[in-house]
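Please read these numbers as outputs of a predicted model, since none were measured by experiment. So that the names make sense, note that chain A is the first sequence line, chain B the second, and so on, each numbered from 1.
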Amino acid sequence: MQGKLLKKEGLRDFLQHLMKKAELVAPVKTDTLRFQTINNPEEVCLEGLPIMPIKKYYLEHKHTILNFKGTQIRVNNPAPKKRIIFGVRLCDLNAIPVLDKLFLEENPDPYYQSTRDNTVLVGWHCDKPVDEYCFCESMELKPFYDLYIYEVADSYFIAIGSKKGADLVKHLPSFEYEPTRIKCSKKLEKKDLNRFLENPTWKEASKDCLSCGPCTNYCPTCLCFDIEDEVELDGKTGERKLHWDSCQYKDFTLVAGGFAFRQTKADRFRHRIFHKIQYFKDKFGIYMCTGCGRCIRWCPTRIDFVEIINRLR
Amino acid sequence: MIYNPTQVKIAKVSKQTADDYIITINKNMKVEPGQFLQVSLPGLGEAPISVCNYGDKFLEFNVRTVGNLTRNLCMLKPGDAIGIRGPYGNGYQLEKYKGNHVVVIGGGTGVAPIRAVLKYIEKHRKDFNDVHVFLGFRSPNDIIFKKDIQAWKKMFDFNLTLDKGDKNWKGKVGLITKIIDESGLNNDNKIVFMCGPPIMMKFVGQSLNKLGFHNDQIIVSLERHMKCGLGRCGHCMVHGSYVCKDGPVYQWGKVKDLKE
């Protein structure tokens with residue numbers, strides 16, 4: 001594979017070069033590892049997987065779509081911002097093609113489109129799993145990036161995935177390298193889940209579920225949202241906002257009159273797993289799961305859906 | 001912008017029952033029976049409401065006062081502004097069924113999209129053969145579209161039943177399945193359009209099957225929590241299908257045994 005070569009001691013200069021081009025976002029060790037804006041290359045930490053994936057830049061946790069005062073309504077148009085996100089693992093990179101399917105293919109979402117157009121993704125290769133929860137090897141991930149960095153002895157090999165990426169590494173010398181693929185000890189067995197729709201497993205497996213939502217909030221591909229109005233104390237001024245929601249909450253399917261279609265934890269748990277592994281794949285040909293393991297890693301009761309699927313017989 | 005409502009002025013608010021109102025707006029919109037709009041007021045949010053009649057210059061929807069938004073919508077006066085976006089959903093696509101006998105079944109608030117179906121048939125009466133209507137409401141006070149019902153009685157084979165009558169009620173009392181079971185209908189060249197509570201559709205489906213109807217002759221509209229209308233936000237999804245976009249209208253066979 002053709003790419004570019006960067007000596008390890010040149011990484012600091014490279015990050016500074018990126019900072020001059022746009023806002024630079026990278027993993028930073030704070031209370032935990034988080035993607036955030038970098039002011040100094042020393043802040044960047046490339047050990048481990050950030051707690052929150054990069055979807056927070058593509059679909060903000062909460063954002064205003066309309067401002068209103070009385071019956072006067074003003075659309076809040078997206079404010080484009082050039083951004084480079086550095087140090088993104090292959091699992092998180094592969095979430096973007098999933099989000100594209102729903103946010104770009106029909107009736108494109110202008111906020112998502114704006115982020116897509118103005119973001120450059122610089123990936124960081126995992127030569128081994130970050131921890132025991134990773135299972136990306138099973139999820140048929142594709143090379144999706146503008147640039148992608150492999151550690152090779154005392155240097156970095158930078159693969160180029162787009163013109164936007166190529167423009168950032170024009171100054172670096174060319175290099176050829178054949179990368180190796182990651183091996184994960186945790187594997188997801190491929191099964192037609194429709195055969196197990198009525199299996200008692202879903203009830204058993206969701207026994208410890210708290211319907212609390214980190215499995216969806218931390219998921220790089222979970223995109224369910226709600227639309228709600230927030231009003232000031234004057235009762236007139238306010239904003240219509242789009243904010244993350246979770247199919248694991250009981251009121252997610254609640255309709256007027258008080259009926260919720262997915263009443264039980266088992267229904268909601270099964271729905272999440274089927275959406276990730278079956279429905280989306282059937283419809284779009286890719287999984288709505290990239291094997292990052294966050295839904296297991298950050299589940300307070302450590303419900304492991306991979307184990308659960310593997311046990312289905 | 002995809003989430004931006006169009007502001008329209010209310011032309012008329014007409015009280016149907018203690019809880020139901022027809023809101024009319026003067027708006028020319030390409031819409032068909034079974035489709036819905038996201039109707040909103042600033043500060044109170046949006047709700048999906050199905051179209052219950054439309055013409056070249058107007059559009060009507062039935063609002064039931066079940067929450068804050070709907071209560072406020074029904075208190076509005078002609079000239080007041082509301083926000084609408086849509087229409088969303090696939091609709092009943094009635095033109096596909098020209099030349100058939102039609103059976104139309106509705107229960108409770110589910111009669112709202114059914115009214116749009118019947119209004120379409122009124123306008124295109126020659127395109128359809130016999131029309132059999134079965135409506136069910138809880139009590140005399142819950143009957144909506146009373147004026148239309150008077151007209152439909154003359155136009156169609158019209159049947160109405162109440163779960164519970166009162167001392168003045170001279171019509172039928174009992175579940176809607178009862179009047180369908182007793183109708184003696186056969187399934188020859190017939191197509192059924194149905195909307196109502198899930199439990200009603202389940203049992204009516206069984207009654208129709210007993211009369212010989214196949215599941216692909218029965219077209220239903222599902223109720224779900226529809227928020228974005230674009231097949232995206234996830235609330236309405238059922239077994240991989242976005243009810244707001246792939247539905248809300250489905251062949252009964254495709255949804256009757258759906259696992260949520």
ask   = In chain order, what residues pass the ring pair (Phe, Tyr, Trp, His ring centres under 6.0 Å) check against B:Phe203, with sequence neighbours excluded?
value = none
Would you name the heavy atoms of [X] and [Y] that are closest together and state the gap between them?
X	Y	answer
B:Cys228	A:Ile227	CA-CD1, 4.2 Å
B:Cys233	A:Phe252	O-CZ, 3.9 Å
B:Gly234	A:Cys224	CA-SG, 3.7 Å
B:Pro42	A:Ile73	CG-CD1, 4.1 Å
B:Ile2	A:Pro108	CD1-O, 3.8 Å

Pick one of side chain, backbone, both or neither for [X], based on which atoms fall under 4.5 Å of a heavy atom in chain A.
X	answer
B:Met237	both
B:Leu44	backbone
B:Pro48	neither

inquiry  = If the condition is side-chain hydrogen bond (donor to acceptor under 3.5 Å, both in side chains), which residues does A:Lys191 pass it with, not counting sequence neighbours?
reply    = A:Glu189
ask   = Residue by residue, which of residues 303-313 of chain A have a heavy atom closer than 4.5 Å to a heavy atom belonging to chain B?
value = none
message = In the structure I gave you, are the side-chain heavy atoms of B:Pro197 and A:Phe259 within less than 4.5 Å of one another anywhere?
response = no
message = Heavy-atom cut-off 4.5 Å, strictly under: side chain, backbone, both or neither for A:Leu197 against chain B?
response = side chain
query = Where on A:Phe225 is there a heavy atom nearer than 4.5 Å to chain B: the side chain, the backbone, both, or neither?
reply = both
Suppose we count any N or O donor within 3.5 Å of an acceptor, strictly below that value; which pairs fall between chain A and chain B?
| unit_1 | atom_1 | unit_2 | atom_2 | d |
| --- | --- | --- | --- | --- |
| A:Leu102 | O | B:Arg232 | NE | 2.7 |
| A:Leu102 | O | B:Arg232 | NH2 | 3.0 |
| A:Glu106 | O | B:Arg232 | NH2 | 2.8 |
| A:Glu106 | OE2 | B:Lys245 | NZ | 3.3 |
| A:Asn107 | O | B:Arg232 | NH1 | 3.3 |
| A:Asn107 | O | B:Arg232 | NH2 | 2.8 |
| A:Asp109 | OD2 | B:Tyr3 | OH | 2.7 |
| A:Phe225 | N | B:Cys233 | O | 3.2 |
| A:Phe225 | O | B:His235 | ND1 | 3.3 |
| A:Asp226 | OD1 | B:Lys227 | NZ | 3.4 |
| A:Ile227 | O | B:Lys227 | NZ | 3.3 |
| A:Asp229 | OD2 | B:Gly43 | N | 2.8 |
| A:Asp229 | OD2 | B:Leu44 | N | 3.3 |
| A:Asp229 | OD2 | B:Gly45 | N | 2.9 |
| A:Arg240 | NH1 | B:Ser40 | OG | 3.4 |
| A:Arg240 | NH2 | B:Leu41 | O | 3.4 |
| A:Asp245 | OD2 | B:His235 | NE2 | 2.7 |
| A:Leu254 | O | B:His225 | ND1 | 2.6 |
| A:Arg262 | NH1 | B:Met237 | O | 3.0 |
| A:Arg262 | NH1 | B:Glu260 | O | 2.9 |
| A:Arg262 | NH2 | B:Met237 | O | 3.4 |
| A:Tyr279 | OH | B:His239 | ND1 | 3.0 |

